[in-house]
Amino acid sequence: MHRGHQLRLEGITHRFGEFVAVQGIDLDIAGGEIIALLGPSGCGKSTILRIVSGFISQTQGRVMFDGEEVDHLPPNRRAVGIVFQNYALFPHMTVRQNVAFGLEAQKWQRDRIAPRVDEMLSLVHMREFAERMPRELSGGQQQRVALARCLAVDPKVLLLDEPFGALDKNLRLDMQIEVKRLQREYGITTILVTHDQEEALSMADRIAVMSRGCIEQVSSPTEIYDQPATLFVNQFVGTTNIIPGELIESDATACRVRLVTGETLEATSRPGLHAGAKVVVSIRPEHMRLQDEFVPNCMRGSVKAVLPLGPYVLYEIELGAGATIKVSAPRRAAGDSLRALGQMVHAAPAKVAACLVFPSQ
Amino acid sequence: MSQRKQTSDWEAQSVPLIFGVLTTVAIVFLIAPTLIVLVTSFTDSQSLKFPPEGLSFRWYLALLDADQMQRAAWNSLVVAFWTTILSVVLGTAAAIAMARSRNSWIRVADALFMSPLVLPALAFGFAALIFVHQIGFRPNIPFLVLGHVIVCVPFVLRTTIAALSQLDSSLLDASYSLGASWWMTFHRVTLPLIGRGIGAGAFLAFMASFDNVPVSLFLADERTEVLPIHLWQQIETNLDVRTAAVSGLIIIITLILMIIAERLAGLTRQLR
Ligand SMILES: Nc1ncnc2c1ncn2[C@@H]1O[C@H](COP(=O)(O)OP(=O)(O)OP(=O)(O)O)[C@@H](O)[C@H]1O
Ligand SMILES: [Mg+2]
């Protein structure tokens, strides 16, 4: 299989009239890599895909495939495959005709088209459905056909715009595995747009988290989760507790923060933040433990809510000064007793590395 | 409480009642004249009296020898044919251009194209006649067709724009991204998907041209009489029963065409 084409976005800015939809996007995607664009609705994800595919031309910046600028190429000459959220199968054509469409468009020889269509349909396990119309297929089947249609013409880059949004949860998981398999098998460079963080975390080699038209961080899934560059990334990916406070001392690796609750907490230091700075401390619910007795470096509070969520229990703890935090505790054995409402507990971070500080906004 | 319940019951019943009555009235006024003409056309007497005393096909058979009427019908068909062709080509092209553009002048163009529907056709016919004379021509068939096109294009335009607005733009994007040219996208994706809309518009345009009086009145030359005007003159001068037979024929043919169109393309759905 081929190695995949390298894709590079350089200083891409796009304005719709006065409105800046994306700004200063720099992104290097290696051949065969799958990168997820993750961000809230309206942050410019689809706009980036439309720029890469040539449907809109950016106000500024360059798009390059394998080091060659493609900005002058119209969408039908870019060799970019797109799978749309609604699959966009041609409703008046059979599955076979849908898959053959791109091959005909690219002037494949007649006698080579049918075998190629069969090959692609087998690849997505849809061979027996070749003569059906799209409306006679389920959502997942339609998506398989859309993928086959797209991969048949051997695009340089594959763009997936919220491809699993319309599928129910189980099917979504199946299709995610399927798409990832095809992507690996073909070694095709892929951009996956999603606002589902789990999807991004599970499918992508790297994730670019976007907010309001800018990329906040591009990193591997674990790094995004464990070492978020900004508070936005921290809050958008996974859930976290935010407690305001003030930095009292800071060295190269660790720092101490006086929280609004009066307690002090040790946290991982962040370059550029010095003693006296107003900060927020962020700790994920699963990175805390509840204890009965006081330990250094903890927060005292009372249990306000108990939500048993199967494999773990989510506690809501009311600290002083109006702050509440969530702590999730794994259930080790069936019949573990839960903590009672109103009980006084101490919430302690499992590790200093689990406590992050960010400048307060 | 019970009072309120009563009111809502009354409302619940009165609304369908009112609509039911209105619908019945509309249907009666629409269908009754049609039925009367149809029945009258089968009369065996010399008069257009309703109800006829006896029934026969004699007036339909008489149409076989009605040379003048046949010529008028042929003229009308030819004019309607060309009008439909031109309306479809121009209307579809305009609809596609207008649907693609987000420019504000598009609204002006849309209003302009649609104006023949609201503008009195009589005024337009008269104005067109003056215009034709101004540029140094006499009324003839090409000008007649042109005049008809102007009043018939709105039908094609409306149905095509409606069909285009139903067309998912991601289908076009998908087509381009697969490497298709504009032309391939147009004739393999766009056209098949808006075809029914265009077809519905074409049907309306054909019918509108076929029974158009106001424009034909001014733009037909002396030698090319069109059917509706010919019928009018026959009625006016000698209460010719053959006109009823022609009307009956038109009604029957139209009904058949509508049924076919409904079967093939769901005509009424396209008109909504
Ligand atoms: N044609 C347009 N004209 C004006 N503004 C636009 C246009 N298309 C998109 N926008 C704006 O640009 C911003 C980014 O849009 P985009 O579609 O890229 O968002 P997105 O990240 O894909 O969101 P979602 O997750 O909801 O699909 C939005 O605020 C949107 O309103
Ligand atoms: Mg989007």
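Below, chain A is the first sequence line, B the second, and so on; all start at residue 1.
- Distance check, rounded to the nearest 0.5 Å: CZ of A:Arg149 to CG of B:Leu178 gives 5.5 Å.
- Residues A:Phe90 and B:Leu193 fail the side-chain proximity criterion, which asks for heavy atoms closer than 4.5 Å.
- Closest approach of B:Leu171 and A:Leu89 over heavy atoms only: CD2-O, 3.2 Å.
- Identified by a heavy-atom distance below 4.5 Å to chain B, the contributing residues of residues 49-75 of chain A are A:Arg50, A:Phe55, A:Pro75, in residue-number order.
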For the pair A:Tyr87 and B:Ser170, evaluate side chain to side chain contact (heavy atoms under 4.5 Å, CB included) and give the outcome as yes or no after the intermediate values. CA-CA 9 Å; A:Tyr87 319 126; B:Ser170 64; over 6 Å; no
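- Counted within 6.0 Å of CZ on B:Phe29, heavy atoms from surrounding residues, nucleotides or ligands total 12 or fewer; the atom is thus considered open.
- Within the model, atoms CD1 of A:Ile82 and CG of B:Asp173 stand 6.5 Å from one another, a figure rounded to the nearest 0.5 Å.
- Among residues two or more places apart in sequence or in another chain, the ring-ring contact (aromatic ring centres under 6.0 Å, His included) test is passed with B:Tyr60 by B:Phe42.
- Contact annotation for A:Val80: only backbone heavy atoms (N, CA, C, O) come within less than 4.5 Å of a heavy atom of chain B.
- Within a 6.0 Å sphere centred on CZ of B:Phe131, heavy atoms belonging to other residues, nucleotides or ligands number 12 at most.
- Under the salt bridge (Lys or Arg N to Asp or Glu O under 4.0 Å) criterion, A:Asp161 pairs with no residue at all, not counting sequence neighbours.
- In the displayed structure, A:His92 atom NE2 is contacted under 6.0 Å by more than 12 heavy atoms of other residues, nucleotides or ligands.
- In A:Trp108, the CH2 atom is crowded: over 12 heavy atoms of neighbouring residues, nucleotides or ligands sit closer than 6.0 Å.
- Judged purely by atom type and a 3.5 angstrom limit, A:Asn76 has no side-chain atom pairing as donor or acceptor with the backbone of B:Ser177.
- Contact of A:Phe84 with chain B is made through the side chain alone, with heavy-atom distances under 4.5 Å.
- A 6.0 Å sphere centred on CZ of A:Arg77 holds no more than 12 heavy atoms belonging to other residues, nucleotides or ligands.
- Of all the listed residues (A:Cys150, A:Pro91, A:Ala146, A:Ala152), the one sharing the greatest number of non-hydrogen pairs under 4.5 Å with chain B is A:Pro91.
- Identified under the salt bridge (Lys or Arg N to Asp or Glu O under 4.0 Å) test for residues 90-106 of chain A, with sequence neighbours left out: A:Arg96-A:Asp118, A:Arg96-A:Glu131, A:Glu104-B:Arg188.
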